[in-house]
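Everything below concerns the one structure shown next.
All figures in this text were calculated on a predicted structure; none of them were measured in a lab.
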Amino acid sequence: LQPANMISYPNAKEMQDFITSCNKQADEKYQFPLTIETEAGNVDVVWLAPAVMQEGIACVIKYITKTPLKDANKSEFEAQGNEIGKVIDAYFQGITENFDVLLAQAYNEVPFDPSKMYDSYTTVIR
């Protein structure tokens, strides 16, 4: 948690303990991929991630779609994102209250390898 090599926070241990505690609670509560039910069918959410934008910090909901990314038109992904947006608060309580911007990011496979480039399509839910 050092902002630079020569600087440290006086309460760095407490900060690290808090981060560790939050991560532990999240790991106990959420197991990914998490299948959520929408009117259009089930969606596997594989990850939630923050994204810094001009509007502030957005929440990116990364999910797996069966719709081929290369062949589909954007309205299919926008519809999927809207369906996710309708039910997301039921799975992640408070997510719509705590983020002004929610994004749905579709993948055809789980993006787990940091050395690989993955095709995706991002939709603004709100």
Side-chain angles (χ1 to χ4, degrees):
L1 284 180
Q2 290 180 267
N5 288 336
M6 307 289 282
I7 303 170
S8 64
Y9 294 109
N11 58 346
K13 180 172 178 1
E14 290 86 3
M15 292 169 63
Q16 186 60 52
D17 290 347
F18 177 74
I19 291 168
T20 301
S21 172
C22 289
N23 286 338
K24 182 179 178 200
Q25 289 176 34
D27 288 346
E28 289 170 359
K29 187 170 184 174
Y30 303 109
Q31 300 295 312
F32 291 96
L34 177 69
T35 301
I36 63 172
E37 296 177 23
T38 71
E39 288 180 13
N42 292 347
V43 174
D44 287 333
V45 174
V46 295
W47 199 348
L48 299 180
V52 178
M53 304 176 69
Q54 282 184 326
E55 296 84 354
I57 298 177
C59 179
V60 182
I61 303 160
K62 298 182 181 210
Y63 71 99
I64 302 301
T65 181
K66 293 179 178 123
T67 306
L69 290 164
K70 297 196 186 272
D71 302 330
N73 71 44
K74 69 179 188 172
S75 64
E76 292 180 61
F77 298 111
E78 290 170 356
Q80 290 173 8
N82 289 333
E83 288 296 316
I84 291 169
K86 290 177 188 176
V87 300
I88 197 67
D89 234 2
Y91 295 90
F92 301 100
Q93 186 177 19
I95 196 168
T96 57
E97 295 171 16
N98 293 308
F99 291 97
D100 291 332
V101 178
L102 293 176
L103 305 172
Q105 195 167 56
Y107 292 87
N108 286 137
E109 62 180 301
V110 179
F112 68 89
D113 184 350
S115 65
K116 183 178 175 183
M117 295 292 293
Y118 294 91
D119 289 331
S120 66
Y121 187 88
T122 305
T123 300
V124 177
I125 296 174
R126 65 172 196 117

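- Rounding to the nearest 0.5 Å gives a distance of 10.5 Å between CD of E76 and CD of E78.
- With rounding to the nearest 0.5 angstrom, the CG atom of N108 is 14.0 Å from the OH atom of Y121.
- Looking at S21, its side chain never comes within 3.5 Å of a backbone N or O of D17 through a donor-acceptor pair.
- Qualifying salt bridge (charged side-chain N to carboxylate O under 4.0 Å, His left out) partners for D44, counting only residues two or more places apart in sequence or in other chains: none.
- Rounded to the nearest 0.5 angstrom, S8 OG and K13 NZ are separated by 14.5 Å.
- The line from CD of E14 to OH of Y9 is 14.0 Å long, rounded to the nearest 0.5 Å.
- Under a hydrophobic-cluster definition in which Ile, Leu, Val, Met, Phe, Trp and Tyr are linked whenever side-chain heavy atoms come within less than 4.5 Å, directly or via other members, I64 and I125 are assigned to different clusters.
- Annotation for E39: atom CD does not count as buried by contact number, only 12 or fewer foreign heavy atoms lying within 6.0 Å.
- When the side chain to side chain contact (heavy atoms under 4.5 Å, CB included) test is applied to I57, the partners found at least two apart in sequence or on another chain are P50, F99.
- Around atom CG of D100, no more than 12 heavy atoms belonging to other residues, nucleotides or ligands sit under 6.0 Å away.
- When each of V110, V46, V45 is checked for a side chain to side chain contact (heavy atoms under 4.5 Å, CB included) with F32, only V45 meets the rule.
- The two residues G81 and A104 come nearest to each other via the heavy atoms CA-CB, 3.8 Å.
- The side chain to side chain contact (heavy atoms under 4.5 Å, CB included) check on V124 picks up L103, with sequence neighbours excluded.
- Pairing each heavy atom of E97 with each of R126, the nearest pair is N-NH2, 4.3 Å.
- Using a 4.5 Å heavy-atom cutoff, the side chains of F77 and L69 are in contact.
- With values rounded to the nearest 0.5 angstrom, I36 atom CD1 is found 9.0 Å from N42 atom CG.
- Among residues two or more places apart in sequence or in another chain, the salt bridge (charged side-chain N to carboxylate O under 4.0 Å, His left out) test is passed with E109 by K116.
- One side chain, Y63 or Q80, offers a donor N or O that lies under 3.5 Å from an acceptor on the other.
- Within 6.0 Å of OH on Y30 lie more than 12 heavy atoms contributed by other residues, nucleotides or ligands.
- Cluster membership check: V60 shares its hydrophobic cluster with V101, using side-chain heavy-atom separations under 4.5 Å among Ile, Leu, Val, Met, Phe, Trp and Tyr.
- Y107 and F112 fall within a single hydrophobic cluster, where Ile, Leu, Val, Met, Phe, Trp and Tyr side chains are chained together by heavy-atom contacts under 4.5 Å.
- By the salt bridge (charged side-chain N to carboxylate O under 4.0 Å, His left out) test, K70 pairs with D119, sequence neighbours left out.
- Both I84 and F92 are members of a single hydrophobic cluster when ILVMFWY side chains are connected at heavy-atom separations under 4.5 Å.
- By the criterion of side-chain heavy atoms lying less than 4.5 angstrom apart, applied directly or through intervening Ile, Leu, Val, Met, Phe, Trp or Tyr residues, W47 is not grouped with L34; the two fall into different hydrophobic clusters.
- For E83, the salt bridge (charged side-chain N to carboxylate O under 4.0 Å, His left out) criterion is met by K86, not counting sequence neighbours.
- One finds the NZ atom of K74 at 13.0 Å from the OG1 atom of T122 (value rounded to the nearest 0.5 Å).
- D89 and I95 make their closest contact through OD1-N, 3.1 Å (heavy atoms, listed as atom of the first residue, atom of the second, distance).
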